[in-house]
Undergrad: 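The structure follows.
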Amino acid sequence: EADLAAGRKRGMQLETGQFRPGVACAAVPIVDEGELSRFTVLGVALPIRDFMHSAKRIRTSLQAHAAVIAPLLDQPAPPAG
């Protein structure tokens, strides 16, 4: 729970070496309210050494892309066919 709170504070959830040794995974929320089934994140996995040198840039990029994607998730699905 402390890790989640720290991630909310910095605006990005982060795991290093948990998915695979030497790999960092970072994610930002796209939808983080309402029903749990609607929660959506945008994430990336990359070598830890690359992440440590550019964490702020990665967070900014993920947040910018999440802002573009969020309105698309509120649109009704197109008809099948």
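Predicted model only: the values in this text are computed from it and were never measured.
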Undergrad: Check side chain to side chain contact (heavy atoms under 4.5 Å, CB included) between Phe19 and all other residues, then give those that pass, not counting sequence neighbours.
TA: Val23, Cys25
Undergrad: Could you note down all residue pairs passing side chain to side chain donor-acceptor pair (under 3.5 Å) where residues 16-32 supplies at least one of them, sequence neighbours left out?
TA: none
Undergrad: Sorted by first residue and then second, give each salt bridge (charged side-chain N to carboxylate O under 4.0 Å, His left out) pair with at least one member in residues 44-60; sequence neighbours left out.
TA: none
Undergrad: Over all heavy atoms of both residues, which pair between Pro71 and Ala67 is shortest? Give the atoms and the distance, please.
TA: CD-O, 3.1 Å
Undergrad: Where the side chain of Gln13 meets the backbone of Val41, is there a donor-acceptor pair that is under 3.5 Å apart?
TA: no
Undergrad: Go through the structure and list residues passing salt bridge (charged side-chain N to carboxylate O under 4.0 Å, His left out) with Arg38, not counting sequence neighbours.
TA: Asp74
Undergrad: Supply the members, apart from Phe51, of the Ile/Leu/Val/Met/Phe/Trp/Tyr cluster built from side-chain contacts under 4.5 Å; use none for a lone residue.
TA: Met12, Leu14, Val28, Ile30, Val31, Leu42, Val44, Leu46, Ile48, Met52, Ile58, Leu62, Ile69, Leu73
